[in-house]
**Student:** 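This is the structure, below, for whatever I ask next.
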Amino acid sequence: MFGLPRSHLMASGSESQGRRGTERPQVLLLRRPLSVLHEALSARFQLLRPWESPVPFDRFLAAHAAGVRALLVTGLTPVDGPLLDALPALRFIVTTSSGVNHIDLAECARRGIAVANAGTIFSLDVAEYAVGLLIDVLRRVSASDRYVRRGLWPRAGDYPLGSKLGSKRVGIVGLGSIGSEIAKRLEAFGCSISYFSRSRKPQVPYTYFPSVGDLAAESNVLVLSCALTKETYHIINRDVMSALGKDGIIINVGRGALVDEAELVKHLMQGEIGGAGLDVFEHEPAVPEELFCMDNVVLSAHFAVHTLEMSSELCQLMIANLNAFFSDRPLLTPVLVRT
Amino acid sequence: MESLGVLLPIPMNAYLESELDRRYKVFRLWESPPERRQDFIRANAAAIRAVVGNSKAGADADTIDALPRLEIVACFSVGLDKVDLAKCRERGIRVTNTPDVLTDDVADLAIGLAIAVLRRLCQADRFVRSGAWLSKGGYKLTTRFSGKTIGIIGLGRIGLAVAKRAEAFGCPISYYSRSEKPNTNYKYYSNLIDLAANCHVLVVACPLTEETYHIVNREVLDALGPKGVLVNIGRGPHVDEPELVAALREGRLGGAGLDVFEQEPDVPEELFGMENVVLVPHVGSGTNETRNAMADLVIGNLEAHVMNKPLLTPVV
C-alpha cells in the first residue's frame, strides 16, 4: 500500500504527512477519472482506486483509507456525512466540477475539511455551448440535419422556417463567470441582455430584474447558468414558464434541478413554450422520452464542459490545488462556504 | 396602366406570393409541366415585364431572350448567380436583390454550424435520443470553438457579420478577398491556400461568380487540414464537392458545416454517416422574420420600378 519511494516526482515534503519526504502523497478517488487526468494524477500522487478492488467499497475504505488526507471527486459523485465518517483523516476535497451541490459543504466545514473546485475554467466551453444550443433551437440545426440525413429534402421539400436570433431579449439566470461570457457572446448577435442574480451587479451594462418571474416576463429566452442550491431548486417553475410565454425558449447549462422538469415536458407537449436546449436533467442519465420526437428541443448529455482544451486545463488545476494542499500553500480555487 | 406581369419560376414564400398576387399579374411557371414551360413563357411573353428569382432559379440568357418586354429582375436572395447580369446590362434590364436584411441570419448560422461541428451538438442530440446515454454513459472530448482562428473568404456584409460574432468568442480573424479592405484589424491573406493553412475554421462568404467557382478545391482543403473545419454558407459550387467528400472520408479534413450543396436538394449520401459534419437544407436566411423582410424588399423594389422611383436595392 505504501510502496517504495519512486522518483523525485513528488508533491510535498510536509512532515505532517507522517511519511518519508520522498514518497508521493495519497489521494483517494471514488471513480475512474478521464484517462488524461488519471495519467497526470498517477505520475504525481499515490492513488487509492476502490473500483479496482474486489472488496466492497466500505471495506476498502476501512482497510486502506484511514490515513488519507485528500479526496479528488470526479463525475459529481456525492460526498455526504456517511462517506466523511469513513475518512477520519480527510482534510481536503477537490472536485473536477464548478458546481458543488453534490458535496455537503456544511459537513465539511464542521469537520475542518477544505474544499476546492474547478473555479471558472469551464466558462468558455459552457458559454459557447449555451450559444450553440440556442442557435440550434431557433434555427433548427439538429432537427434539419436529421431531415437531410433521412433523405427528406428531395422528397418533402424545403424545411420550415426557424426564428431569428437577433433582437431576441435574453434573460440570464446567474450572471457569474459563465453567465457573463454568455452575455458577451449573445450581444454580438444583436440580442439584448437582462439578468437575475442573487444581487444586482452595478458594474455590468445589463438590466437587472429582482426576480426570475419578472425576468421571464420581459424575455424571449432564458439561459440558466447559476449554481444549484436550496434557493434555486426548481427556480424555473410553472409560473416562470407562463411568464416566459408560448414562444419562449429555455437553455439549461446549469443543473437539471434548476427546472421543474415534469412541468417543462408538459409545457412543451402542450405547445405552451417555444422550445428548449437542455444539457442537463433532473435524473441524469434518464431523459424524459416525450422529448425525443420534438424538433423544437435540442438534447445533450451533460457535455458542455467536455473539450480537449478543458481537460488539459483541468488536470493542471486539480494538480495545482492538490500540490498547494500538500505543501500548506493557499488553494487556487477554494470554495468558500457561505455562512 | 397595365398591371405588371411577373414571372415566378418556382414557389418561394407564401407571404411573397400573396403580396405579388395582390398587386400584379403573377405567372407561375412551375404550374406547367416541365416540357410545356417554354410554351408557357412564349404564350405570356407579351405580358411579362418582371421576373422574381432566388438562389435556385432566376433569369438566365435563354429566359431573358424569351422575354422581350422584361424590365426588371427582382431577386428574393442576395446572391445573383442565377441571373445573367451581363445580359441584363446589355438589355437595360434592372436587377435588384435583398442585401442587409438577411445578413444577421446567415452570419448566425455560420457560427451555429461552426460550434455544432466542433462541439458535436447534433451528435450529442442523436446520442441522447437513441437512449445511448442510459446504456453507454460515455463522453467524448470535443474541440473548443472560442479562441480558434477563423478564416473568412469574402469580407463583405456577411463576412464582416461573421467576424463580429466570432470576435465575441475571442477568435482571431483572418480573411481572403480580391483586395485588402481598409479599416479592419483583421489579417489579410492575398492567397487562399495561405489563409486555409493558417486558420482553424474556414467560412465561405463571398458571391458565386466564374472566378469563385470551386474556389475551395483539393489544395485548399488539404491546407485547411485534418483538424480544420469548412463552413459553407455561400453557394454549393464554391466547393468542389467530390473533393470535399473525399477529404472527409480520408481524414484529410477535420469537419464541415454545410448549408449549401452543388446539386440541391441532393446531398452526397456518404456524408450522412459522418459525425464530423452538420448538414442543413439551405436555411441561411430561413427565418420568418427575415423571409418577410426579404419579401417586403422584393415588393418594394417592384413598386418603385412601377412608379418610376429609385429602386431600393439595385445591382444593375
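Below, read A as the first sequence line, B as the second, and so on, with proteins coming before strands; counting in each chain starts at 1. Heavy atoms only: backbone and side chains are in, while hydrogens, waters and symmetry mates are out. Because the structure is predicted, anything quoted here is derived from the model rather than measured.
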**Student:** Return the CE to CZ distance between B/Met274 and A/Arg149, rounded to the nearest 0.5 Å.
**Tutor:** 9.5 Å
**Student:** Could you tell me whether the side chain of A/Arg146 reaches within less than 4.5 Å of the side chain of B/Cys122, counting heavy atoms only?
**Tutor:** no
**Student:** In sequence, state the C-alpha distance, the side-chain angles, and the governing distance for A/Arg139 and B/Leu113, and then conclude on side-chain contact (heavy atoms from CB on, under 4.5 Å).
**Tutor:** CA-CA 10 Å; A/Arg139 301 297 301 275; B/Leu113 287 172; over 6 Å; no
**Student:** If you take all heavy atoms of A/Glu284 and B/Trp133, which pair is closest and at what distance?
**Tutor:** CG-CH2, 3.4 Å
**Student:** Do A/Leu161 and B/Asn288 touch side chain to side chain, with heavy atoms closer than 4.5 Å?
**Tutor:** yes
**Student:** In terms of heavy-atom pairs under 4.5 Å with chain B, which of A/Trp153, A/Phe292, A/Tyr159, A/Tyr129 leads?
**Tutor:** A/Trp153
**Student:** For A/Asp145, is there an ion pair with B/Arg126 - N to carboxylate O distance below 4.0 angstrom?
**Tutor:** yes
**Student:** Do B/Asp104 and A/Lys164 pass the side-chain contact (heavy atoms from CB on, under 4.5 Å) test, and can you show the C-alpha distance, the side-chain angles, and the key distance before you say yes or no?
**Tutor:** CA-CA 8 Å; B/Asp104 287 341; A/Lys164 186 181 164 103; 3.5 Å; yes
**Student:** Could you go through the side chain to side chain donor-acceptor pair (under 3.5 Å) check for B/Arg119 and A/Thr307 one step at a time?
**Tutor:** CA-CA 8 Å; B/Arg119 299 300 307 271; A/Thr307 62; 5.7 Å; no
**Student:** So, do B/Val278 and A/Val141 sit near enough that their side-chain heavy atoms are less than 4.5 Å apart?
**Tutor:** yes
**Student:** So, B/Glu167 and A/Lys184, do they make that salt bridge, N to O below 4.0 Å?
**Tutor:** no
**Student:** Give a yes or no on whether B/Glu269 atom CD has more than 12 heavy-atom contacts from other residues, nucleotides or ligands under 6.0 Å away.
**Tutor:** no
**Student:** Would you find more than 12 non-hydrogen atoms of other residues, nucleotides or ligands less than 6.0 Å from B/Gln263 atom CD?
**Tutor:** no
**Student:** Quick one: closest heavy-atom pair of A/Gly132 and B/Ile115, and the distance?
**Tutor:** CA-CG2, 3.9 Å
**Student:** Charged N to carboxylate O below 4.0 Å: is that the case for B/Arg144 and A/Glu313?
**Tutor:** yes
**Student:** Which of parallel (below 30°), tilted (30 to 60°) and perpendicular (above 60°) describes A/Phe303 and B/Phe127?
**Tutor:** tilted
**Student:** Around atom CG of B/Asp100, are there more than 12 heavy atoms of other residues, nucleotides or ligands at under 6.0 Å?
**Tutor:** yes
**Student:** Which atoms of A/Val148 are under 4.5 Å from chain B, going by heavy atoms: the side chain, the backbone, both sets, or neither?
**Tutor:** both
**Student:** So what's closer than 4.5 Å to chain B heavy atoms on A/Asp136: side chain, backbone, both or neither?
**Tutor:** side chain
**Student:** How far apart are the C-alpha atoms of A/Asp158 and B/Lys56, what are their side-chain angles, what is the distance that settles it, and do they pass the salt bridge (charged side-chain N to carboxylate O under 4.0 Å, His left out) test?
**Tutor:** CA-CA 12 Å; A/Asp158 285 339; B/Lys56 298 183 230 185; 2.9 Å; yes
**Student:** Which atoms of B/Leu258 are under 4.5 Å from chain A, going by heavy atoms: the side chain, the backbone, both sets, or neither?
**Tutor:** neither
**Student:** Please classify the contact between A/Leu133 and chain B as side chain, backbone, both or neither, with a heavy-atom cut-off of under 4.5 Å.
**Tutor:** both
**Student:** With a 4.5 Å cut-off on side-chain heavy atoms, are B/Ile111 and A/Phe189 touching?
**Tutor:** yes
**Student:** Mind listing the closest non-hydrogen atom pair of A/Ser142 and B/Asp125 along with its distance?
**Tutor:** OG-CB, 4.2 Å
**Student:** Of the backbone (N, CA, C, O) and the side chain (C-beta and beyond), which part of B/Val128 lies under 4.5 Å from a heavy atom of chain A, both, or neither?
**Tutor:** both
**Student:** Can you tell me which of B/Gly257, B/Gly284, B/Gly273 forms the most heavy-atom pairs within a distance under 4.5 Å of chain A?
**Tutor:** B/Gly284
**Student:** Taking the side chain as C-beta and beyond, is there a heavy-atom pair between B/Leu118 and A/Glu128 under 4.5 Å?
**Tutor:** no
**Student:** Under the criterion side-chain contact (heavy atoms from CB on, under 4.5 Å), I'd like the reasoning laid out for B/Arg165 against A/Glu187: C-alpha separation, chi angles, the key distance, then a yes or no.
**Tutor:** CA-CA 9 Å; B/Arg165 285 150 176 74; A/Glu187 274 192 303; over 6 Å; no
**Student:** Which one wins on heavy-atom pair count under 4.5 Å against chain B: A/Ala127, A/Ser311, A/Gly162, A/Pro160?
**Tutor:** A/Gly162
**Student:** Rounded at 0.5 Å granularity, tell me how far CG in A/Leu34 sits from CG in B/Leu141.
**Tutor:** 5.5 Å
**Student:** Counting only heavy atoms closer than 4.5 Å, note whether B/Met12 contacts chain A via side chain, backbone, both or neither.
**Tutor:** neither
**Student:** With salt bridge (charged side-chain N to carboxylate O under 4.0 Å, His left out) as the test, would you mind laying out the steps for B/Arg129 and A/Glu289 before giving the verdict?
**Tutor:** CA-CA 8 Å; B/Arg129 282 177 207 247; A/Glu289 287 186 17; over 6 Å; no
**Student:** Could you tell me whether the side chain of B/Thr142 reaches within less than 4.5 Å of the side chain of A/Leu308, counting heavy atoms only?
**Tutor:** no
**Student:** Need one label for B/Ser130: side chain, backbone, both or neither, based on atoms under 4.5 Å from any heavy atom in chain A.
**Tutor:** neither
**Student:** If you check every heavy atom in residues 289-296 of chain B against those of chain A, which residues fall under 4.5 Å?
**Tutor:** B/Glu289, B/Thr290, B/Arg291
**Student:** Tell me which of these, B/Val277, B/Asp266, B/Asn13, has more heavy-atom pairs under 4.5 Å with chain A than the rest.
**Tutor:** B/Val277
**Student:** What are the two closest non-hydrogen atoms of A/Ser144 and B/Val280, and how far apart are they?
**Tutor:** OG-CG1, 3.3 Å
**Student:** Under the side-chain contact (heavy atoms from CB on, under 4.5 Å) rule, what do A/Val131 and B/Phe169 come out as? Steps first, then yes or no, please.
**Tutor:** CA-CA 10 Å; A/Val131 173; B/Phe169 291 78; 3.8 Å; yes
**Student:** Ignoring hydrogens, what is the shortest heavy-atom contact between B/Pro281 and A/Tyr147? Give both atom names and the distance.
**Tutor:** CG-CD2, 4.3 Å
**Student:** With a 4.5 angstrom heavy-atom cut-off, which part of A/Ser163 approaches chain B: side chain, backbone, both or neither?
**Tutor:** both
**Student:** Between B/Ser146 and A/Arg185, which heavy-atom pair has the shortest distance, and what is it?
**Tutor:** OG-NH2, 3.1 Å
**Student:** Rounded to the nearest 0.5 Å, what's the gap from CE on A/Met310 to OG1 on B/Thr143? Could you check?
**Tutor:** 11.5 Å
